[in-house]
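Here's the structure we're looking at; comments come further down.
Computation of the quantities below employed the complete heavy-atom set of this structure, encompassing side-chain atoms and omitting hydrogens, waters and symmetry-equivalent molecules.
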Amino acid sequence: MSPASKVRKKKHNVRRSSSEWIDHEPAAVRERPSWFAGSIAAVLDNTDALSKAAGPRELEQATCELLGEQMHRAIHDVGRDLRFNWLFEELTVAAADRVRDADDLTGDWLLLHGLAAIGSPALRSFARHQINGLLKVARRRPAFARQPRWLASSHLVKATGEVWRMQDAYGTRLAVLAAMSYPHGANPSAFLFDIDACGFITLTHAGAYDDLPQAAAAWRTLVGDQAAGAEPVEVHTGEQLSCLAQCDIGSDMVNGDEARDVLDNWFRANRCVHDIAHALRKSPRLWPDPESLYHDLDAEPMVTEFSSWYADRHDTPPEQETVEALAEEWLEGTLPETRYLISPHRVEFHTELIDGDWIPDHPATLAVKSMFAEWALWLAERAGLPSELVGQVTDAAPTPS
């Protein structure tokens, strides 16, 4: 048994588990969440907003916002039984039923195309199945001949294969920016994934922008001073996209405090990940292979290096079990590229984990917390952070008791 596991109560996870939030039961036995009816009705009552879309990207955005508003409400007003993918499917069927029963094409027809555009491959296929099944009906509607030419191909958005990265001064807040386009290069855009790699690899913000400079500027504004000088760097290897591959985007995990733009892009961001992976598999920049961030971790190099630094600083070696426990906690769930990086937020994240995860007042727990300030200083100095940022890191560390 490792030193850390001796004093852990359980592996803490601040996110809701899939069994609590997302449905995995067979369709025959699952119970339809009570909030679906009101949210589906609210979306269908506001599809007129989609008629203002002048192109496929505007239709995507308007569809994203309609769904995001209801998902945001569900998280904050309902708080359980979210099951977003199921909502997507039910909304698709409801919109299709309305198209079938209407005398003419309305916003519901546009909604179906918007859903097909933002959905992941499986959800897109489901929406396209509904659309294809309605084509004979739709062609008999007076408005069919007046629908925009781009609508039929609005689901054919794709990643071009051009991808860039940015990172803040600490190296633990990352941006992935991907070029997207529609057939014949129409409606080009840059999709931004703002990823926090301080703890669980989390999508913090997301959105589609006109071009790379606009997306990069938006990310610098989101992050603030620590990203002021950051510039996009083109991605050349799959390893550079591990942060995106490891991020739980549109998955079964919900924190409950997601930014509104993350909820707006819940489905579209997931679709973009699939699009990028597909595009990069056709080029030398292969999509990174799945890699566990929790198993087969070798803490020994980190333990050895810190122990040497500590001994030089204090003329005595640190207690080895304490260092091993701290290193194991630090490495679990961490991207390989950020294992030796630190930020105030990362310090706060791990402090909260120890407070919530380990046995309170246990000698090993107290020893690790007492060692944390030295650990933070070592990593800050090792990363070559300027003195101002070193101070911010050490200020965030728990005070030795």
**Prompt:** Relative to each other, are the rings of Trp375 and Trp330 parallel, tilted or perpendicular (30° and 60° limits)?
**Reply:** perpendicular
**Item:** Ion pair Glu90/Arg83, N-O distance below 4.0 Å
**Value:** no
**Request:** May I ask you to say whether Arg57 pairs ionically with Asp210, meaning some side-chain N is under 4.0 Å from a carboxylate O?
**Result:** yes
**Request:** Could you tell me whether Glu300 atom CD has more than 12 heavy atoms of other residues or ligands within 6.0 Å of it?
**Result:** yes
**Message:** Within the supplied structure, the quantity of interest is the number of heavy atoms (other residues, nucleotides, ligands) at a distance under 6.0 Å from Asp77 CG; does it exceed 12?
**Reply:** yes
**Request:** Working to the nearest 0.5 Å, report the span between OG of Ser292 and CG of Leu297.
**Result:** 6.5 Å
**Message:** Before we go on, tell me: are the rings of His278 and His274 under 6.0 Å apart, centre to centre?
**Reply:** no
**Prompt:** Taking the six-membered ring for Trp, are Trp266 and Phe84 ring centroids under 6.0 Å apart?
**Reply:** yes
**Item:** Result of checking Gln226, His345, Gln392 against Tyr170 for side chain to side chain donor-acceptor pair (under 3.5 Å)
**Value:** Gln392
**Asked** Under 3.5 Å, is there a donor-acceptor pair between the side chain of Ser242 and the main chain of Glu239?
**Response** yes
**Asked** Taking Arg139 for the side chain and Phe144 for the main chain, is one N or O donor matched with an acceptor at less than 3.5 Å?
**Response** no
Partners of [X] by ring pair (Phe, Tyr, Trp, His ring centres under 6.0 Å), sequence neighbours excluded?
X	answer
His295	none
Phe267	Phe88
Trp109	His113

**Asked** Looking at side-chain heavy atoms only, is the closest gap between Ile201 and Leu293 below 4.5 Å?
**Response** yes
